Protein chains: 2
Amino acid sequence: MPKLVAGDIATALRKRISSGEWEDRIPPERDLAGEFGVARNTVRRAVGLLEEDGTLVRQVGRGTFVAAADPNSMPAVFARMEGTSPADMMEIRLLLEPAAAGFAATNASAGELNAVRDAYQTACEATDMPEFEHWDAEFHHRIFACSRNEFLKELHNLMRILRNQSPWFEMKKRSFSEERRQTYCVEHEAILDRLLRRDPEGARAAMLAHLQTVARNLLGR
Amino acid sequence: MPKLVAGDIATALRKRISSGEWEDRIPPERDLAGEFGVARNTVRRAVGLLEEDGTLVRQVGRGTFVAAADPNSMPAVFARMEGTSPADMMEIRLLLEPAAAGFAATNASAGELNAVRDAYQTACEATDMPEFEHWDAEFHHRIFACSRNEFLKELHNLMRILRNQSPWFEMKKRSFSEERRQTYCVEHEAILDRLLRRDPEGARAAMLAHLQTVARNLLGR
DNA sequence: CTGTTATGAACCGATAGTGAACCAATCTAT
DNA sequence: ATAGATTGGTTCACTATCGGTTCATAACAG
């Protein structure tokens, strides 16, 4: 039988890693070799095994690090969210925005509704596309602000941030036209009308219809 | 060893910044280098890290300043989300989870449904409360995993993280009893049943009913 | 014998930190 | 208005510590 020292060292290392002995960086190979009373090449093989199965990450000139990265940490979740596809995002908008419109119809103050109306009007009167986009987004955001659900509002913020990133930008550009802008204005007006009438079910339906239009335009079909 | 001092200095600076030690302007790099007993180049690297993530802004000839917090940045959104009230959160769960169950009924693979069933059974057979809680959460999470909407899945992760924070913990404890645990098991079984029958509308309704029970228990009424 | 594994050593290239010099923008005091 | 001090920006040579690679050698199992 061969000595399999490398394998033994690998399991020993794995144990000490999972015990949390090393926060993120493990000692240099040369030190480990000394500690285990073994040649560096042997340690290298052991570390190589742990690197293959994703336990460790090696960086020349820096050191060897435990792969770590808690997949349930906030940053990790946000990082994965950045890869959200337009279709997935749209599916969620179709869930949340009509609900937000419904909440807004019942909960909004008169002042908040005025703010929504202002955003609607400014968007309609916008002359160039970036300005329309801004007030379009603001219109939707102000509806969320009326919902009286802070978490829902922040979820919309989150979606806004995600939509202001790379693949979306071009997509929005391609899917835009003067005709569609006017369609959006009409649909916004319908939503605003239901909000002002304090009609939750109507607001929900109007928002749903609007988003279905947006989805058609954005995702093509 | 490359000591990787820059990273440590960066975190030290981040801490002192958030503690409000410096209102607006932080000390010159040369001073910091002296204070940390380190070369200026090293401080520059640390400050560079904080500049990249938007914590600091540097201006030649003037100094280095803590950046005004952008309310539309990911960290800011996250920070505000941490203050989410149980009622607001519940309102969103009532929107998202039934939808996820509906998606799952149509999109899940057989293997994924097995995983859901396993989580259900393990939760039912759990003897102590922490174990039940874990598999309860896992049951819900695996349903989201079946939804085939990555963004929806991450939204659930987000809510899970938020719910694992301070005010929630005690709340869950107070709202818990053996009787309720059994109720949850029965309701979970109903959801699982609809999923296995590939009945989206039924799954949606069953999940909604379950969450309404949870809401009653959690928020009292 | 052959093939595998471990050894020990040497050398490579990448990365981090040091210390110092000099540049360019800005502010302050005269 | 000008001169000098202050501050971040850039570059450089140098050192030390890493992982990456190779090779000759020894030990051992089949």
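As the structure is a computational prediction, the values presented were derived from the model and not from experiment. In what follows, every chain begins at residue 1, and chains take the letters A, B, ... in the order their sequences are listed. Values below: every heavy atom of this structure, side chains too, minus hydrogens, waters and symmetry copies.
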Provide, to the nearest angstrom, the distance between the [atom1] atom belonging to [X] and the [atom2] atom belonging to [N].
X      : N       : atom1 : atom2 : value
D31(B) : dT6(D)  : CG    : C1'   : 10 Å
L49(B) : dA16(C) : CG    : P     : 10 Å
F65(A) : dT15(C) : CZ    : C1'   : 10 Å
L4(B)  : dA14(C) : CG    : P     : 18 Å

* Asked: Do T213(A) and E187(A) have side-chain atoms, one donor and one acceptor, less than 3.5 Å apart?
  -> yes

* What pairs with F144(A) under ring-ring contact (aromatic ring centres under 6.0 Å, His included), at least two apart in sequence or on another chain? ->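 F144(A): ring-ring contact (aromatic ring centres under 6.0 Å, His included) contacts with H156(A).
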
* side-chain hydrogen bond (donor to acceptor under 3.5 Å, both in side chains) between E125(B) and Q121(B): does it pass, once the steps are laid out? -> CA-CA 6 Å; E125(B) 294 159 5; Q121(B) 283 178 344; 5.9 Å; no

* Looking only at side-chain N and O atoms, does T42(B) come under 4.0 Å of OP1 or OP2 in dA16(C)? -> no

* OP1 or OP2 of dG19(D) under 4.0 Å from side-chain N/O of R44(A) ->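 Looking at the OP1 and OP2 atoms of dG19(D), neither is under 4.0 Å from any side-chain N or O of R44(A).
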
* Asked: Is a donor-acceptor contact shorter than 3.5 angstrom present between the side chain of N41(A) and the base of dT22(D)?
  ->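 Yes, a donor-acceptor pair under 3.5 Å.
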
* Is a donor-acceptor pair below 3.5 Å formed from side chain R40(A) to base dG20(D), judging by atom type as modelled? -> yes

* Should the pair F132(B) and H188(B) be assigned to parallel (<30°), tilted (30 to 60°) or perpendicular (>60°) ring geometry? -> parallel

* Classify the ring geometry between H210(A) and H140(A) as parallel (under 30°), tilted (30 to 60°) or perpendicular (over 60°). => parallel

* **Close residues, residues 22-30 of chain B, relative to DNA chain D [heavy-atom separation under 4.0 Å]** =>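 Contacts with DNA chain D under 4.0 Å: R25(B), P28(B), E29(B), R30(B).
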
* To do: Quick one: closest heavy-atom pair of L162(B) and M81(B), and the distance?
  =>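 Taking L162(B) first and M81(B) second, the nearest heavy atoms are CD2-O, 3.8 Å.
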
* Return yes if some donor-acceptor pair links the side-chain N/O of D88(A) with the main-chain N/O of N149(B) below 3.5 Å, else return no. => no

* Asked: Between E131(A) and R181(A), is the closest basic N to carboxylate O distance under 4.0 Å?
  ->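 Looking at R181(A) and E131(A), the cut-off is not met.
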
* Answer yes or no: is there an ion pair linking R58(A) with E29(A), defined by an N-O contact shorter than 4.0 Å? => yes

* Between residues 51-62 of chain B and DNA chain C, which residues have a heavy-atom gap below 4.0 Å? -> V60(B), G61(B), R62(B)

* To do: Report which part of the nucleic acid V47(A) touches: base, sugar-phosphate, or nothing (heavy-atom distance under 4.0 Å, all strands).
  =>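 V47(A): no heavy atom of the nucleic acid under 4.0 Å.
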
